[in-house]
Amino acid sequence: MAREISSVGVIGLGTMGAGIAEVLARSGVSVVAVEIDDDGVSRGRGHLEHSTERAVSGGKLDADGRTALLGRIRYTTSLAELSDVDLVIEAIPENLEAKTDVFAALDKITGADTIFVSNTSSLSITEIGVHTARPGKVVGMHFFNPAPILKLVEIVRTVVTEPDVVTDVVAFAERLGKTPVVIGDRAGFIANALLFGYLNHAVRMYEQRYATREDLDAAMRFGCGYPMGPLALLDLIGLDTAYEILDTMYHQSRNRLHAPAPLLKQMITAGLLGRKTGQGFYAYDEPDSPTVTDAVTASTVDTVAPREVRKVGVVGTGTMATGIVEVFAKRGYEVILRARSAEKAAASVARVKKSLDKAVVKGKLSEEDAAAALGRISPAVEFEELADVDLVVEAVAEDLAVKQAVFAALDDVVKPGAVLATTTSSLPVIECAAATSRPSDVVGVHFFNPAPVMKLVEVVSTIATAPDVVATVDAVCAAVGKHPVHCGDRAGFIVNALLFPYLNDAVKMLEAHYAEADDIDTAMKVGCGLPMGPFELLDVVGLDVSLAIQRTLFNEFREEGFAPAPLLEHLVTAGRLGRKTGKGFKDYLAK
């Protein structure tokens with residue numbers, strides 16, 4: 001029979017504890033809120049009054065509801081006041097010794113059936129539970145900040161947590177209007193375990209001066225649809241908090257990718273903790289403000305004059321090639337689409353026309369503009385027809401030998417001074433450049449699919465790329481409405497190098513039977529605001545494509561943590577490639 005949970009103790013009234021108390025009281029639960037002293041009580045009460053006042057002004061709560069909510073919360077500085085509660089939620093700072101002391105004290109005060117809950121985001125629930133006489137009734141309940149708004153709650157069971165305790169806590173979380181996911185006890189749980197490895201990787205990229213803070217953040221916002229870039233998110237979380245979570249994860253996993261980047265420790269020592277101190281990776285107009293005040297990182301591109309581009313060539317007939325042709329044609333460029341046969345060229349032009357017609361139907365383009373764009377496209381079969389283009393974009397298959405053959409052919413016919421670009425997403429740009437006699441004119445220009453919709457373009461410079469070539473690509477991106485980000489020529493560039501290790505970590509988590517695929521997807525969508533969960537995304541991208549990219553990253557960086565998850569390799573071997581085959585991590589044929 002399920003427990004009746006009508007009264008709950010909350011220990012610690014910082015931002016998180018006060019938020020949890022608000023969630024409980026809003027759901028009709030009686031709350032006994034405990035702080036260490038009267039000043040703590042005063043601060044906690046202030047948090048709650050300010051938060052509920054904002055809810056009223058935002059129309060999410062009426063005045064009577066606010067009064068009733070606040071009336072359900074009783075404040076105290078004595079743990080003894082928790083003697084009769086049904087459940088206790090501990091929300092004090094992330095210090096194992098302090099938490100175990102609290103739980104040991106609670107053990108002597110509360111009834112034998114009272115459930116003990118820790119809101120820790122990274123510490124071991126097992127280690128906390130063994131300091132009580134009831135480890136079977138100790139569970140993690142990790143709320144996300146701000147607790148009144150974010151829906152996800154990670155329910156963390158240990159090897160000794162009683163099944164009925166998990167069942168009752170899950171039901172209680174649902175009663176609070178939350179989305180619970182049940183997981184085992186390991187550092188970082190789901191969301192933080194996947195999120196912080198990605199954030200740490202981004203810090204290392206910045207630390208190595210591989211890309212600017214603005215380009216790293218823009219790449220993940222525009223390329224993946226993330227609500228915030230990694231460095232801006234670290235500033236919001238707090239660099240000290242991020243360091244502690246990573247350090248805890250590293251000591252449990254011994255995965256070098258979890259070892260906090262040295263730059264984090266340096267910034268913490270210097271007091272640059274993020275928004276809460278007014279400066280982290282970015283500077284803010286005051287502590288706790290979201291307003292960035294420091295200038296954009298300077299770029300050498302700004303001081304170099306670009307080359308003139310009037311006519312563009314595109315080599316290829318696939319989805320990416322036709323999308324790029326459409327992008328340029330709509331923005332007034334004369335475009336030559338080179339295909340291996342007249343039939344393939346005609347079919348590609350027809351696909352562009354179909355896309356333009358859809359834009360007209362949706363009201364995004366006039367019939368006149370669509371007709372004009374189509375009129376700017378000239379199909380071609382011979383490379384010689386690209387002789388006088390100012391920029392040529394190669395968009396053929398991801399096969400290095402094929403790409404090198406294309407670049408060798410372009411080198412023979414395209415006029416001097418033309419920019420030669422490749423859209424590769426994973427192959428070395430310098431290998432394409434080496435197939436020409438003009439490596440300084442070669443650059444990576446990685447569009448994202450679908451090219452007419454996605455704003456991001458990764459501009460990839462090799463050690464030989466001339467500055468005015470990069471400036472030219474930047475100018476062209478501006479002219480076609482794209483957002484360029486800059487990086488060096490190494491596997492994955494920015495987006496894939498940050499995205500695919502995170503996806504691979506999710507597969508390893510599933511492989512270890514730590515959590516179900518649906519729960520992992522839910523955790524990342526609901527807890528982190530990502531547009532898709534990792535397994536949904538892997539199935540869309542294609543497991544074979546994902547495996548190829550992960551292998552490329554591992555072969556270049558030789559990081560043990562980048563080694564493709566065996567489960568990913570097994571699914572590819574079995575032909576379960578995702579949506580395109582009907583089965584991947586999920587079964588689409590059964591729907």
Side-chain angles (χ1 to χ4, degrees), residues 12-23 35-61 66 91-95 119 121 143-150 192 195-196 199-200 202-203 206-207 211-222 226-246 260-299 527-529:
L13 293 177
T15 304
M16 182 57 80
I20 293 170
E22 180 180 336
V23 168
E35 253 297 350
I36 195 165
D37 54 28
D38 290 338
D39 286 343
V41 167
S42 180
R43 281 192 300 272
R45 191 194 300 268
H47 282 311
L48 278 151
E49 289 178 350
H50 179 63
S51 177
T52 53
E53 191 176 312
R54 281 193 307 175
V56 171
S57 62
K60 295 178 180 177
L61 190 67
R66 177 176 185 258
I92 67 174
E94 290 287 87
N95 180 288
N119 180 59
S121 60
F143 289 79
F144 284 70
N145 197 23
I149 296 172
L150 292 183
N192 284 352
L195 177 67
F196 279 88
L199 296 177
N200 199 38
V203 176
Y206 179 68
E207 185 176 52
T212 66
R213 58 187 185 173
E214 291 87 359
D215 282 353
L216 284 165
D217 282 350
M220 300 312 289
R221 287 189 293 112
F222 292 122
Y226 284 12
M228 294 183 77
L231 302 185
L233 180 55
L234 279 163
D235 274 359
L236 177 63
I237 293 168
L239 274 61
D240 51 343
T241 301
Y243 184 92
E244 291 300 327
I245 291 172
L246 282 164
L263 180 61
L264 281 175
K265 186 67 170 179
Q266 293 164 24
M267 293 177 73
I268 292 165
T269 303
L272 309 178
L273 306 185
R275 284 194 193 182
K276 60 188 174 187
T277 59
Q279 189 162 1
F281 288 101
Y282 298 87
Y284 302 87
D285 60 355
E286 61 181 1
D288 295 317
S289 169
T291 306
V292 175
T293 58
D294 55 347
V296 173
T297 305
S299 169
C528 300

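Keep in mind that what you see is a predicted model, and the values were worked out from it rather than measured. For reference, positions follow the sequence shown, starting with 1.
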Report task. Please answer whether the main-chain N or O of F143 pairs with a side-chain N or O of N119 as donor and acceptor at a distance below 3.5 Å. Result -> yes
Report task. Applying side chain to side chain contact (heavy atoms under 4.5 Å, CB included), run through N145 and L150 and close with a yes or a no. Result -> CA-CA 7 Å; N145 197 23; L150 292 183; 5.6 Å; no
Query raised in the report: Donor-acceptor pair, S51 side chain versus H47 backbone, under 3.5 Å?
Result: no
Query raised in the report: Can you tell me if D240 uses its side chain to pair, donor with acceptor, with the backbone of I268 under 3.5 Å?
Result: no
Query raised in the report: Looking at side-chain heavy atoms only, is the closest gap between I245 and I237 below 4.5 Å?
Result: no
Query raised in the report: Side chain of S57, backbone of R54: donor and acceptor closer than 3.5 Å?
Result: yes
Query raised in the report: Do M267 and L234 have side-chain heavy atoms sitting under 4.5 Å apart?
Result: no
Requested in this report: Taking all heavy atoms of T277 and all of G271, pick out the closest pair and write down the distance.
Outcome: OG1-O, 3.4 Å
Query raised in the report: Hey, is R213 close enough to D294 for a salt bridge, meaning N to O under 4.0 Å?
Result: yes
**Report entry** Nearest non-hydrogen partners of G19 and A147, listed with the distance
**Finding:** C-CB, 3.7 Å
**Report entry** Side chains of M220 and M228 in contact at under 4.5 Å (non-hydrogen atoms)
**Finding:** no
Report task. With rounding to the nearest 0.5 Å, note down the distance linking CZ in F144 to CG in N192. Result -> 5.5 Å
Report task. Quick one: do L61 and E22 satisfy side chain to side chain contact (heavy atoms under 4.5 Å, CB included)? Show the steps, please. Result -> CA-CA 12 Å; L61 190 67; E22 180 180 336; 5.9 Å; no
Report task. Consider only side-chain N and O atoms of E94 and S121, and report whether a donor and an acceptor are under 3.5 Å apart. Result -> yes
Query raised in the report: Hey, are the side chains of L216 and F281 touching, using non-hydrogen atoms and a 4.5 Å cut-off?
Result: no
Query raised in the report: From E244 CD over to L246 CG, what is the distance, rounded to the nearest 0.5 angstrom?
Result: 10.0 Å
Requested in this report: Could you tell me whether a side-chain N or O of T269 sits under 3.5 Å from a main-chain N or O of K265, the two making a donor and an acceptor?
Outcome: yes
Query raised in the report: Can you tell me how far the OG1 atom of T15 sits from the NZ atom of K276, to the nearest 0.5 Å?
Result: 9.5 Å
Query raised in the report: Is there a donor-acceptor pair under 3.5 Å between the side chain of R275 and the backbone N or O of Y282?
Result: no
Query raised in the report: Distance from L48 atom CG to R66 atom CZ, nearest 0.5 Å?
Result: 9.5 Å
Query raised in the report: Do you know the tightest heavy-atom contact between G280 and D235?
Result: CA-OD1, 3.4 Å
Query raised in the report: Should E207 and P262 count as side-chain neighbours, where that means a heavy-atom distance under 4.5 Å?
Result: yes
**Report entry** Nearest heavy atoms of Y206 and A211, plus distance in Å
**Finding:** CD1-O, 3.9 Å
Report task. List the atom of D217, the atom of L231, and the distance in Å for their closest heavy-atom pair. Result -> OD1-N, 2.9 Å
Query raised in the report: Between V292 and Y284, is any pair of side-chain heavy atoms under 4.5 Å apart?
Result: yes
Report task. Step through the shown structure and confirm whether more than 12 heavy atoms of other residues, nucleotides or ligands are within 6.0 Å of CG on L236. Result -> yes
Query raised in the report: How far apart are the closest heavy atoms of R221 and P227, and which atoms are they?
Result: CD-O, 4.2 Å
Query raised in the report: Just wondering, do L13 and R43 contact through their side chains at under 4.5 Å, heavy atoms?
Result: no
**Report entry** Contact check, side chains of F196 and L199, non-hydrogen atoms, under 4.5 Å
**Finding:** yes
